[in-house]
Amino acid sequence: MQSVGASESERSDIIEKLMESCMRGCALLRKTRVADGLSALNRDLTFAKCDVAFRERCRCAQAARVTDDGSDGCDAGDAGSGSDHILLSSGSINPMSDSSGKMTPAELLAELTSQNDGNAYTAEVAEAMPDAFSGKTKTPDRDNEPQFEIPDLEELQSLDRKRHRDADDSEQADSDIDSGNDPEYVKSGRGGIAQKRMHTVPDAAQGNSQLSELFERVSNLLGGSGVGDGEFCPRAPESLADARLTAEDVERLALKYLLQKGSASGREICSQLKLPYAIVEPLMRLWKKDQLVAFKGAAEVGDYYFVLTDPGRDRAKRYQEECTYCGAAPVSLEDYLKAMEAQSIAKQEATEEDLKRAFSDLLISEKMLETLGPAVNSGRGMFLFGEPGNGKTSIAERVTTSFGSTIWIPRTLGVDGDIIRLFDPGVHEVVELEGEESNLFDLSGVDQRWVRIVRPTVVAGGELTMEELEVCQNQTTKICEAPLQLKSNCGTLVIDDFGRQTMPVEVLLNRWIVPLEKRYDFLNLPSGKKLQVPFDQLIIFSTNLEPRDLVDGAFLRRIPYKIEVPDPSEEHFRKLFEIMAPHMGMVYEPDVVDYLIETHYKPVNRPYRACQPRDLLLQVRNKCIYQKMPKKMTKEGFDFAVHIYFSVM
């Protein structure tokens with residue numbers, strides 16, 4: 001008699017069902033409840049294995065009925081015949097029972113138990129079942145128990161009841177988060193959530209060492225995101241609608257990427273576009289159906305390498321002529337505005353300890369710190385003025401550090417077809433997520449189209465032009481570059497050497513009169529559309545010119561804090577030599593500094609500047625290196641340095 005096994009189509013169906021169960025569990029892991037996700041992943045795999053056994057027993061039961069009619073059926077005697085199929089004892093289960101999900105696992109186990117001698121579905125079947133997919137029969141090893149433990153009837157009934165409540169629980173959880181009733185999560189911008197506390201190992205996993213270990217691994221991975229209490233965190237989209245994208249948007253980016261690279265796997269395309277595989281994979285199948293792409297070969301874990309067909313290449317070239325950008329999928333303006341509102345610098349507070357920590361590497365007086373503190377907390381603007389070389393730029397660059405936090409910004413913005421590149425590695429400092437690595441399933445739950453950075457400090461000096469304050473489009477690539485004030489949102493914008501720009505001061509002031517007052521700005525897009533964006537940064541004007549000679553009263557009224565950076569005292573001047581000498585490889589010599597002050601400063605009433613100790617010591621060091629002398633502070637060395645340094649001052 002011929003044994004009954006799984007056909008190729010049935011094997012594919014079983015494999016697909018197992019993969020769907022895994023993907024469903026991993027999707028839950030990316031959501032707000034890690035413990036429920038782990039439980040669901042373990043439970044769905046149990047259901048899938050029960051379903052596999054049920055299908056096999058139904059085929060054997062059908063074969064048994066055929067045997068009663070005089071035809072071939074299942075026979076354990078064929079076990080050594082070299083058949084490619086798994087042999088199971090026959091039973092009287094109704095082969096017409098629905099195995100696609102209508103019969104619950106608890107009902108399945110009850111029927112299997114009642115119709116057989118109790119050994120019908122064993123751990124050996126679960127262990128041998130994967131080999132049915134490859135057409136090989138595996139003899140169970142009774143000495144080595146399988147790691148996956150088959151649940152009993154009572155446990156499956158309990159899991160079954162919980163499975164029916166999953167949908168309601170998920171909806172209730174989302175409702176709790178939206179209403180603010182969830183004790184573990186809070187809303188943080190559009191589509192974003194923030195975790196209030198870390199998860200503990202759930203009760204269901206306490207008695208299971210394997211499940212506890214799995215939970216700990218995933219919990220450690222998710223815990224490495226570094227998202228603190230109440231911080232905004234962009235949540236990974238689960239659909240095109242959630243990402244506020246269309247299929248055409250993704251198609252444009254993917255085809256242009258393939259045109260430039262030649263061939264790429266599906267996951268490489270997802271990594272380039274910063275979109276989840278679950279979103280892009282259906283679109284790739286659609287492009288394959290439309291003959292825009294073709295398979296080049298197999299990749300890892302059921303993936304394929306894709307290449308453009310001739311029609312796909314023609315379409316990609318047309319897309320390339322419109323815009324060459326093929327990077328991360330753009331974020332909508334609406335999502336960006338809500339993220340900036342949630343991370344506004346006006347909501348940040350800096351204490352005295354925060355300022356001392358930020359300025360720990362500078363020698364700054366307590367009086368200056370007391371003046372800077374309220375100005376920093378205002379979240380608006382300040383005017384730093386004083387003589388050159390006293391540290392105005394250094395102070396301005398460290399103001400943002402006093403907040404000591406990070407923010408999320410999108411890599412690019414999409415506004416009515418225009419791509420605006422916002423993330424700039426030249427001015428933004430990326431903060432890598434702890435434990436971040438490339439995995440098949442991204443469990444971080446973070447939208448990869450966003451990047452986490454230190455609160456930005458953008459410095460523009462005398463080279464600043466009006467073009468840098470507007471959206472500029474490259475006429476060759478058709479990619480737009482965000483203006484400086486947009487890149488500095490939720491941070492600090494420093495206009496250094498104010499009054500020395502190539503543009504007239506009045507033009508620059510008129511450009512920012514309204515943004516400083518209203519806290520929002522209007523940008524002109526290449527398409528002609530005018531765009532309203534937040535003007536949410538602490539703007540600092542630094543100049544060594546007299547402010548009254550630069551601006552009028554109307555502008556000064558909009559800059560609430562005007563702070564003078566004075567010359568250092570003699571005590572601070574000596575301290576600067578003591579601090580800088582070791583950095584130059586020298587030993588501090590107080591008597592030599594006394595000689596410098598008494599000989600070259602007091603007789604000519606030369607003012608002290610904070611930059612002079614560093615500059616003079618550097619000249620002494622360079623002279624010692626040239627003459628192959630030991631690096632040492634000497635009177636002759638300072639005489640030489642003063643003669644060179646102050647020759648035209």
Side-chain angles (χ1 to χ4, degrees), residues 234 237 240 243-262 264 268-275 280 283 308 312-337 339-340 407-430 447-453 456 458 460 463-489 491 493 521-534:
L240 284 174
R244 301 187 189 276
L245 295 170
T246 64
E248 290 75 15
D249 295 332
V250 181
E251 178 185 305
R252 287 173 178 269
L253 297 174
L255 295 187
K256 285 187 289 185
Y257 175 61
L258 287 175
L259 180 64
Q260 294 184 7
K261 188 172 182 181
E268 287 176 342
I269 296 175
C270 295
S271 177
Q272 176 72 9
L273 273 55
K274 305 298 181 184
L275 291 174
V280 181
L283 297 177
L308 291 174
R313 187 175 300 275
D314 292 340
R315 184 175 297 188
K317 288 181 179 179
R318 291 197 299 270
Y319 291 154
Q320 188 93 345
E321 293 174 358
E322 298 174 3
C323 178
T324 62
Y325 179 79
C326 60
V331 173
S332 69
L333 179 63
E334 181 180 353
D335 291 349
Y336 172 72
L337 295 179
M340 294 301 100
I407 63 171
W408 293 89
I409 64 169
R411 301 175 187 271
T412 55
L413 291 175
V415 183
D416 294 342
D418 288 324
I419 299 293
I420 303 176
R421 187 160 47 197
L422 182 62
F423 172 65
D424 186 351
V427 300
H428 295 141
E429 180 182 350
V430 178
D447 190 344
Q448 298 300 314
R449 298 177 299 164
W450 297 68
V451 60
R452 194 181 190 192
I453 63 170
V458 179
E463 74 282 358
L464 179 66
T465 62
M466 283 299 295
E467 287 74 17
E468 295 180 85
L469 304 180
E470 301 291 344
V471 177
C472 298
Q473 186 183 60
N474 187 304
Q475 296 303 314
T476 302
T477 64
K478 304 300 181 181
I479 301 175
C480 299
E481 190 72 22
L484 292 180
Q485 64 268 30
L486 203 63
K487 294 180 180 180
S488 64
N489 266 340
L493 176 60
D521 193 14
F522 288 97
L523 301 177
N524 296 314
L525 298 182
S527 61
K529 182 177 180 179
K530 189 176 287 290
L531 190 67
Q532 180 177 331
V533 295

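Between the side chain of Glu468 and the backbone N or O of Thr465, at least one donor-acceptor pair lies under 3.5 Å. Judged by distance alone, with hydrogens and angles left aside, the side-chain atoms of Arg244 form no donor-acceptor pair with the main-chain N or O of Pro330 at under 3.5 Å. Here the side chain of Lys487 pairs no donor or acceptor atom with the backbone of Pro456 at under 3.5 angstrom. A donor-acceptor contact shorter than 3.5 Å is absent between the side chain of Asp249 and the backbone of Ala329. Looking at Lys478, its side chain never comes within 3.5 Å of a backbone N or O of Glu321 through a donor-acceptor pair. Checked by atom type and distance alone, the side chain of Gln485 never pairs as donor or acceptor with a backbone atom of Leu493 at under 3.5 Å. Panel note: side chain Arg449, backbone Ala243; a donor-acceptor pair is recorded below 3.5 Å.
Contact annotation: the side chain of Pro534 approaches that of Leu337 to within less than 4.5 Å [non-hydrogen atoms, C-beta and beyond]. You'll find the side chain of Leu245 reaches within 4.5 Å of the side chain of Leu275, heavy atoms only. Here the side chains of Gln473 and Gln475 are in contact, with some heavy-atom distance below 4.5 Å. A heavy-atom distance below 4.5 Å is found between the side chains of Pro526 and Asp418. Residues Leu469 and Asp521 fail the side-chain proximity criterion, which asks for heavy atoms closer than 4.5 Å. For the pair Trp450 and Asp335, the minimum side-chain heavy-atom distance is below 4.5 Å. Proximity of Ile407 to Ile453: side-chain heavy atoms (C-beta onward) are separated by under 4.5 Å at one or more points. Contact of the Asn524 side chain with the Val471 side chain is not registered, since no non-hydrogen atoms from C-beta on lie closer than 4.5 Å.
Scanning for ring pair (Phe, Tyr, Trp, His ring centres under 6.0 Å) contacts around Phe423 gives His428, with sequence neighbours left out.
Interatomic distance, Lys529 NZ to Asp416 CG, rounded to the nearest 0.5 Å: 3.5 Å. Between atom CG of residue Leu308 and atom CG of residue Leu258 there is a gap of 5.0 Å, rounded to the nearest 0.5 Å. In this structure, the separation between CD1 on Ile419 and CZ on Arg252 is 9.5 Å, given to the nearest 0.5 Å. The structure places NZ of Lys261 at 9.0 Å from CD1 of Ile269, a figure rounded to the nearest 0.5 Å. Here the straight-line distance linking atom SG of Cys472 with atom CE of Met466 works out to 10.5 Å at 0.5 Å rounding.
Arg411 and Gln448 get closest at one heavy-atom pair: NE-O, 3.1 Å. Considering every non-hydrogen atom in both Leu253 and Cys326, the closest pair reads O-CB, 3.7 Å. Between Lys256 and Ala316, the shortest heavy-atom contact is CG-O, 4.1 Å. Shown here for Leu413 and Ser332, the closest heavy-atom pair between the two residues is CD2-O, 4.2 Å. The two residues Thr324 and Thr476 have their closest heavy-atom pair at CG2-O, 4.5 Å.
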Before you tell me yes or no, could you show the steps for Trp408 and Asp447 under side chain to side chain contact (heavy atoms under 4.5 Å, CB included), namely the whole-Å CA-CA distance, both residues' side-chain angles and the distance that decides it to 0.1 Å?
CA-CA 10 Å; Trp408 293 89; Asp447 190 344; over 6 Å; no

Run Asn474 and Glu481 through side chain to side chain contact (heavy atoms under 4.5 Å, CB included) and show every step you take.
CA-CA 8 Å; Asn474 187 304; Glu481 190 72 22; over 6 Å; no

Would you please test Leu240 and Thr246 for side chain to side chain contact (heavy atoms under 4.5 Å, CB included) and show each step?
CA-CA 6 Å; Leu240 284 174; Thr246 64; over 6 Å; no

Residue pair Ile420, Tyr336: steps toward the side chain to side chain contact (heavy atoms under 4.5 Å, CB included) verdict:
CA-CA 12 Å; Ile420 303 176; Tyr336 172 72; over 6 Å; no

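A donor atom on one side chain and an acceptor atom on the other are not found under 3.5 Å apart for Tyr257 and Glu268.
Counting heavy-atom neighbours within 6.0 Å of Gln532 CD, excluding the residue itself, gives a total above 12.
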